2 protein chains.
Amino acid sequence: MGEFELIRQYFAAASCARTGAGVVLGIGDDCALLNPPSGNLVAVSTDTLVAGVHFPEVCDPALLGQRALGVSASDLAAMGASPLGFTLAISLPQAEADWLQRFAAGLNQMAEQCALPLIGGDTTCGPLSLTLSVLGHVPPHQALQRSGACVGDLLCVSGPLGDGAGALPLVLNRSLGDSETERYLLARYWAPQPQLGLGVALRGRATAALDISDGLLADCGHIAAASQVCLVIDQEQIPYSEALQRIYRPEQALQYALSGGDDYQLAFTLPPAQLPVLQAEGWPIQAIGWVEVGQGVQLQTATGHRITPAVRGYDHFERGS
Amino acid sequence: MGEFELIRQYFAAASCARTGAGVVLGIGDDCALLNPPSGNLVAVSTDTLVAGVHFPEVCDPALLGQRALGVSASDLAAMGASPLGFTLAISLPQAEADWLQRFAAGLNQMAEQCALPLIGGDTTCGPLSLTLSVLGHVPPHQALQRSGACVGDLLCVSGPLGDGAGALPLVLNRSLGDSETERYLLARYWAPQPQLGLGVALRGRATAALDISDGLLADCGHIAAASQVCLVIDQEQIPYSEALQRIYRPEQALQYALSGGDDYQLAFTLPPAQLPVLQAEGWPIQAIGWVEVGQGVQLQTATGHRITPAVRGYDHFERGS
């Protein structure tokens with residue numbers, strides 16, 4: 001079977017995910033054609049996931065498909081962008097019908113959930129890796145950048161932290177989950193939920209935002225650097241899931257939240273008056289700190305002391321993997 | 001050095017390529033932000049190039065940078081799209097400063113030439129491969145698709161064919177070119193010239209178009225299939241470069257033009273009255289056939305016979321490489 005046939009056969013459903021009016025032309029020509037609302041900006045992000053680096057060499061292809069698109073779509077949420085579509089470049093050692101079918105099913109499920117249709121891509125023969133480019137649109141001057149945090153703003157997050165890192169031992173053990181608790185954590189790793197709705201709700205309200213992929217400290221460091229301010233995190237206010245607290249000691253849960261990464265919650269800064277308004281709209285967001293004059297990130301411990309934590313984000317070449 | 005530093009340091013120039021007003025926000029946030037002209041469609045294409053499959057494992061990184069972007073930008077030309085920007089996902093076995101510097105220099109040169117700035121991407125550790133997503137814009141209803149060829153149209157190409165395949169033996173021998181002729185062919189392989197200007201000129205004039213990457217027969221087959229017509233190629237009218245004719249016998253040159261691929265010229269169909277108009281504007285285009293009722297591709301030989309050639313486009317999985 002040729003590569004064109006492969007694409008057509010297995011990814012047909014993702015390319016038909018409910019599209020709104022955004023896709024004028026999908027897979028099959030030299031380019032796809034998108035029709036963003038007139039005057040809106042187009043948001044674009046590209047992410048690569050490599051087997052053995054970003055996900056286990058041996059894993060359920062359906063879960064991989066879900067996760068790959070969830071992780072990528074999270075960048076649109078972080079920008080406050082509405083979904084338009086995505087392209088997928090997939091490198092595969094061989095074209096196995098069963099693997100492709102299951103991968104496409106997982107991909108399709110997340111595409112449907114995010115209203116983000118597959119609009120094009122490429123297939124090549126090689127070690128397993130995935131590169132996704134996601135596209136969205138956002139009204140001018142309303143995109144959520146990293147650079148707008150203001151002194152006096154609150155620092156907020158969209159939900160519990162540390163689950164991604166807490167799930168990793170289970171993922172690496174290829175566990176299917178022996179309990180409700182474990183299955184919850186595995187789902188948080190394999191099916192991250194891009195906060196696309198919240199991203200849109202934060203337009204014109206949040207002063208800075210990003211999605212937590214490298215860990216709270218590293219990612220807050222990005223906002224601090226881009227905004228030229230100091231972000232103070234109150235350790236006592238970091239939210240955890242029940243599952244994480246059931247399996248791990250508090251110090252371990254804290255460590256996962258601060259440096260674990262892979263959470264794909266949004267972290268954002270907000271004028272204090274906006275917090276109750278957004279909460280009243282039903283968004284389960286929570287303040288975990290505030291913005292001060294200065295630079296970098298500070299952690300306020302349970303005893304009220306301030307420390308400047310060592311930030312250690314994920315870096316492929318530095319890890320040398 | 002961290003991956004973020006790497007990107008910033010080596011790709012800074014490409015991200016500053018003359019942008020027009022298209023790029024609102026470049027590298028460094030969760031997404032890049034583009035500002036296409038209000039009401040225009042956004043064209044997107046994703047291509048992957050893998051070492052040992054799409055280019056030799058050992059090659060000049062500057063030439064690789066040029067070629068990777070040239071090949072990708074050619075898809076925008078084929079759609080009649082004006083350039084907005086591109087993302088680059090690069091997988092590298094290790095981060096070598098010298099290699100990166102030379103690769104970025106070649107990439108930057110093509111970015112400058114195409115007015116296509118680097119707006120984002122990802123770096124990962126792994127076997128050398130490149131995935132580029134190119135973005136452009138085109139007025140509604142003016143994109144050049146594959147599906148519009150009409151009976152009675154002329155089949156045209158934008159320049160000489162077969163050079164890409166003719167260069168391949170030199171490329172594989174790692175020749176630097178012993179003569180003007182060889183250097184011309186090598187340049188045609190390593191620095192394909194995306195026909196972006198012609199693509200824009202063909203808006204509203206060509207009825208169907210694509211870029212010749214798989215070989216004339218396979219690519220004309222795509223137009224024929226999408227348009228539900230028969231494309232007849234007059235073998236005698238296929239244009240060749242002087243260089244190709246100097247090195248290869250006529251039968252070999254013909255074979256390269258028909259099935260070699262890698263030419264990145266445009267093939268398009270045109271109402272006959274448009275040909276002299278475009279030629280008068282200075283576009284060096286040439287009619288090589290016509291559109292008839294029927295399906296598929298037919299070749300009219302030098303003796304005036306019609307044959308239905310076996311089409312063999314490039315297919316990674318079928319080649320099993």
Side-chain angles (χ1 to χ4, degrees), chain A residues 1-4 6 24-25 28-36 38-39 41-48 50 53-54 75-76 78-79 81 85 87-89 91 94-95 119-127 129 131 133 135-136 138 140 143 145-147 210-211 226 315-318 320-321, chain B residues 1-4 6 24-25 28-36 38-39 41-48 50 53-54 75-76 78-79 81 84-85 87-89 91 94-95 119-127 129 131 133 135-136 138 140 143 145-146 210-211 226 315-318 320-321:
Chain A
M1 180 184 296
E3 62 175 290
F4 304 109
L6 275 180
V24 175
L25 184 68
D29 215 304
D30 293 291
C31 293
L33 293 173
L34 300 172
N35 189 17
S38 198
L41 303 180
V42 174
V44 192
S45 174
T46 295
D47 279 303
T48 298
V50 179
V53 180
H54 302 89
D75 282 322
L76 294 178
M79 213 70 191
T87 68
L88 167 69
S91 170
Q94 65 269 327
I119 56 169
D122 203 353
T123 54
T124 51
C125 196
S129 83
T131 296
S133 289
L135 292 101
V138 58
Q145 300 181 210
R146 300 176 175 191
S147 53
L210 46 57
D211 64 325
D315 190 311
H316 305 293
F317 288 114
E318 286 191 331
S321 59
Chain B
M1 179 185 295
E3 62 175 289
F4 305 109
L6 275 179
V24 174
L25 184 68
D29 214 304
D30 293 290
C31 292
L33 293 173
L34 300 172
N35 190 16
S38 199
L41 303 181
V42 174
V44 193
S45 174
T46 294
D47 280 304
T48 299
V50 178
V53 180
H54 302 89
D75 282 322
L76 293 179
M79 213 72 193
L84 277 171
T87 68
L88 168 68
S91 170
Q94 65 269 327
I119 56 169
D122 203 353
T123 55
T124 50
C125 197
S129 82
T131 296
S133 288
L135 292 102
V138 59
Q145 299 182 208
R146 300 176 174 190
L210 45 58
D211 64 326
D315 189 311
H316 304 296
F317 287 115
E318 285 192 331
S321 59

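What you see is a predicted model; the values in this text were computed from it and never measured. Naming: A, B, ... by sequence-line order, numbering from 1 per chain. Basis for what follows: all heavy atoms, side chains included, without hydrogens, waters or symmetry-related copies.
- Using a 4.5 Å cut-off on side-chain heavy atoms (C-beta onward), B:D30 and A:S45 make no contact.
- The choice from B:L210, B:L25, B:T46 that makes the most heavy-atom pairs within less than 4.5 Å of chain A is B:T46.
- With chain B as the partner, the residue from A:V44, A:D75, A:L135 showing the most heavy-atom pairs under 4.5 Å is A:V44.
- Residues A:T131 and B:D122 are not in side-chain contact: their nearest non-hydrogen atoms beyond the backbone lie 4.5 Å or more apart.
- Options A:D47, A:V42, A:D211 differ in how many heavy-atom pairs under 4.5 Å they form with chain B, and the most are formed by A:V42.
- Nearest heavy atoms, A:G39 versus B:S38: N-OG, 3.2 Å.
- Smallest separation of non-hydrogen atoms from A:D29 and B:R146: OD2-N, 2.9 Å.
- Listed options B:T87, B:V138, B:L88, B:V50 were ranked by heavy-atom pairs under 4.5 angstrom with chain A; first place goes to B:T87.
- Contact annotation for A:L76: both backbone and side-chain heavy atoms come within less than 4.5 Å of a heavy atom of chain B.
- A:C31 contributes atom SG, which lies 11.5 Å from atom CG of B:L41 (distance to the nearest 0.5 angstrom).
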